[in-house]
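Single-structure report; data block below.
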Amino acid sequence: MDKEKVAEILTEIGTLLELKGENPFKTRAYSNAARTLEGLAEPLEKLVAEQRLGELKGFGEALVEKITTLVTTGKLPYYEELKASVPPGLVEMLRIPGLGPKKVKKMHDELGVDTVEKLEAACQAGQVAALDGFGEKTQAKILEGIQFSRTYASKHHLSQALVVAEPVLESLRGHPDVIRCSTAGSVRRFKEVIGDIDFLVSSKKPAAVIEFFTSQPGILNVSAKGETKASVILTGGIQADLRVVSDAEYPFALAYFTGSKEHNIVMRQRAIARGLRLNEYGLFKSTEETRDPKLLVPCKTEEDIFQTLDLPYIPPELREDHGEFTAGEKDELPRLIEWTDLRGSLHNHSNWSDGRDTLEAIAAHMAELGCDYWAITDHSRASFQANGLDPARLRQQLKAVATVNKTYADEGSDFRLLTGTEVDVLKERLDFDDDLLAELDVVVASLHVAGSDEADNTKRLIRAAENPFVHMIGHLTGRLLLERDAQKLNQHAVIDACAATGTWIELNANPYRFDMDWRLWQYAKGKGVKCVINCDAHRLEHAGFLRLGAGIARKGWLTKDDVINTLPLAKLKKELGKKRGTGGQP
DNA sequence: GCCGTTTTCGGCCCGACTGTTTTCAGTCG
């Protein structure tokens, strides 16, 4: 059993224990352990085999035993029994906004409610409002919550959030009573999937700002409106929260609401260790609860807060408690890539396969954007649903690309299209022979039709990496965020193979993919594997994915030097030739 | 369930909001 599955089970145990009314610190121990596993750099099997699980922080006797059982036998009787003792409907009820374990438990114990449907019926019958500690409003809110969770999925793609958040932010920035403003939360941290959008504003007139915010165009519904906080539902069903604070509080609130929760916990612990107390209002020279301005450590910006806690500035993308504190203390935080470092994309499509635009239109658009190069890597023959090219059409396309490039050369422009393919990784071989691949500038190898056997999928990709003409592996897992899970695959094994063969790995910047996952880049980087941030563009406007991809690369701790397509054309060409020059036949 | 320079017990991050209450519990971020 792999660590994702183990982590999932630990999280579920935590939830089930909560529903049973267990000690909250016990339940937290399980979810903390799950999180630690998710961020693990090495294979869980290895840790278990070497009996080093107990070295992880937060892993005591009980957890080590349970995880070892899970990994070695694939089962855990404790979990099975626990699961059997809690109706599955209760877990589902937890997802309804406003419902937590205590309320769910009470309704189950006293009303026998064990599904969302029964809950809805109990609310409609007025039974919920009659319970001790419940009332009419709670009941109405639950009904509303049920409706909401049915109407809108609670998670959204980052790109979707940015599209609605950025105009609101611009609008706030232009308001005369707004001093400083920013997004916060997972949007600012650039998480690939977000729950809601947080805005933070500093102002002397909070009421005016809140009024302005709640009357923005594109707001479907105002769900809360107080003196310092408002919640609305934006177009597309995304919830957005606004907090308004004083300008003195702004840096503290910004750090606090940016999170992550795990990052903040460590920040507060660092404050405590220095005899200070950190919250969203300030950093105070006291261990008692206080808001006394005389005790405030003056900080004008987030940088000042980090400095007081003996840390360099930690960019929002890194605030996941994924090693930023250890690195910060040693002054080893990387200088992260900027999206403007990127010179082009090495995996894109044209109307020769399933893209929308012509080679000429693509070249004109990308040159205009200021790119140095743009690779045309249409699908290979096996992807017939995507109008994949056979060898003859691909050779035709090479000529067409050469013609386009000649017009740029004649005009004295340095922009170039690069030839290439996104070659399918088939069961026993690649979709094109080596001699054809050798004619191309750029070869991306992608697994489009994976099997159900993890070992087999992994082997196929490793074989692709071993081919001297394959420059990079495209969208490693084939996942579609919020739609389709990753293919069964040993990603670490593929990364290791890429490291051994000098093969690059794509960070597919399509916001539905963001594949390979940002959590694995630190591992890959440690092995010396280079990243290529690719748009996988099927339309001109997909060039904008470069910015998103760079943000995800930042989350993966990558620098300009870690990413191949930050190189200018001449140096890129040299890198493209390296594997072929030194690699042998697979 | 975990942890330890207050070390084998008694803590475990912190505060706002909501709704139910009249001093607080539950939920959320």
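Side chains are part of it too, since the values below use all heavy atoms of this structure and drop only hydrogens, waters and symmetry mates. The sequence lines fix the lettering, A, B, ..., with proteins before strands; numbering per chain opens at 1.
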(Q) Between Glu302(A) and Arg319(A), does any side-chain N to carboxylate O distance fall below 4.0 Å? (A)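 Counted as a salt bridge, because a side-chain N and a carboxylate O are separated by less than 4.0 Å.
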For atom [atom1], what is the distance between [N] and [M], given to the nearest Å?
{"N": "dG15(B)", "M": "dC9(B)", "atom1": "C1'", "value": "28 Å"}
{"N": "dT6(B)", "M": "dC12(B)", "atom1": "P", "value": "15 Å"}
{"N": "dG1(B)", "M": "dT8(B)", "atom1": "C1'", "value": "14 Å"}
{"N": "dC28(B)", "M": "dT22(B)", "atom1": "P", "value": "24 Å"}
{"N": "dT20(B)", "M": "dT27(B)", "atom1": "C1'", "value": "13 Å"}

Which pairs with one or both residues in [range] pass ring pair (Phe, Tyr, Trp, His ring centres under 6.0 Å), sequence neighbours excluded?
{"range": "residues 191-220 of chain A", "result": "His175(A)-Phe212(A), Phe199(A)-Phe213(A)"}
{"range": "residues 242-279 of chain A", "result": "His263(A)-Phe325(A)"}
{"range": "residues 294-313 of chain A", "result": "Phe306(A)-Tyr313(A)"}

Q: Go through the structure and list residues passing side chain to side chain contact (heavy atoms under 4.5 Å, CB included) with Ala271(A), not counting sequence neighbours.
A: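 Partners of Ala271(A) by the side chain to side chain contact (heavy atoms under 4.5 Å, CB included) criterion, ordered by chain and then number, come out as Leu276(A), Leu278(A), Leu283(A), Leu309(A).
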Q: Taking side chain to side chain contact (heavy atoms under 4.5 Å, CB included) as the test, write out the residues that go with Lys141(A), two or more places apart.
A: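 Here no residue qualifies.
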Q.
It should be established whether Asn279(A) places a side-chain nitrogen or oxygen under 4.0 Å from OP1 or OP2 of nucleotide dC14(B).
A.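 Negative; the distance criterion is not met.
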What protein N or O atoms touch nucleotides 8-12 of chain B N or O atoms at under 3.5 angstrom, if any, and at what distances?
none

Q: Tell me which residues in residues 58-79 of chain A put a heavy atom below 4.0 Å from DNA chain B, sorted by number, or none.
A: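 Going residue by residue through residues 58-79 of chain A, the ones with a heavy atom under 4.0 Å of DNA chain B turn out to be Gly58(A), Phe59(A), Gly60(A), Glu61(A), Ala62(A), Leu63(A), Lys66(A).
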**Q.** Of all pairs that satisfy salt bridge (Lys or Arg N to Asp or Glu O under 4.0 Å), the ones with a partner from residues 57-71 of chain A, not counting sequence neighbours
**A.**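 Counting only pairs at least two positions apart or across chains, no salt bridge (Lys or Arg N to Asp or Glu O under 4.0 Å) contact touches residues 57-71 of chain A.
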Q) Going by the salt bridge (Lys or Arg N to Asp or Glu O under 4.0 Å) test, which pairs reach into residues 207-228 of chain A, not counting sequence neighbours? A)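 Salt bridge (Lys or Arg N to Asp or Glu O under 4.0 Å) check on residues 207-228 of chain A returns Glu211(A)-Lys225(A).
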Q.
Could you measure the distance from the CD atom of Glu144(A) to the CD1 atom of Ile96(A)? Nearest 0.5 Å is fine.
A.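 It comes to 12.0 Å.
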Grab the [atom1]-[atom2] distance between [X] and [N] for me, whole Å please.
{"X": "Arg35(A)", "N": "dC2(B)", "atom1": "CZ", "atom2": "P", "value": "17 Å"}
{"X": "Leu10(A)", "N": "dG1(B)", "atom1": "CG", "atom2": "P", "value": "12 Å"}
{"X": "Lys26(A)", "N": "dC3(B)", "atom1": "NZ", "atom2": "P", "value": "15 Å"}

Q: Scan nucleotides 17-29 of chain B nucleotide by nucleotide, 5' to 3', and note B when protein non-hydrogen atoms come under 4.0 Å of the base, S if they reach only the sugar-phosphate, - if neither.
A: S-SS-----SSSB
Q) What does dC2(B) pair with, Watson-Crick or G-U, if both distances are under 3.5 Å? A)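 Looking at the geometry, dC2(B) pairs with dG11(B).
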Q. How would you list, by chain and number, every residue that makes a ring pair (Phe, Tyr, Trp, His ring centres under 6.0 Å) with Trp518(A), sequence neighbours excluded?
A.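 Residues passing ring pair (Phe, Tyr, Trp, His ring centres under 6.0 Å) with Trp518(A): His322(A).
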Listed pairs under 3.5 Å, donor-acceptor, residues 124-138 of chain A side chains, sequence neighbours left out:
none

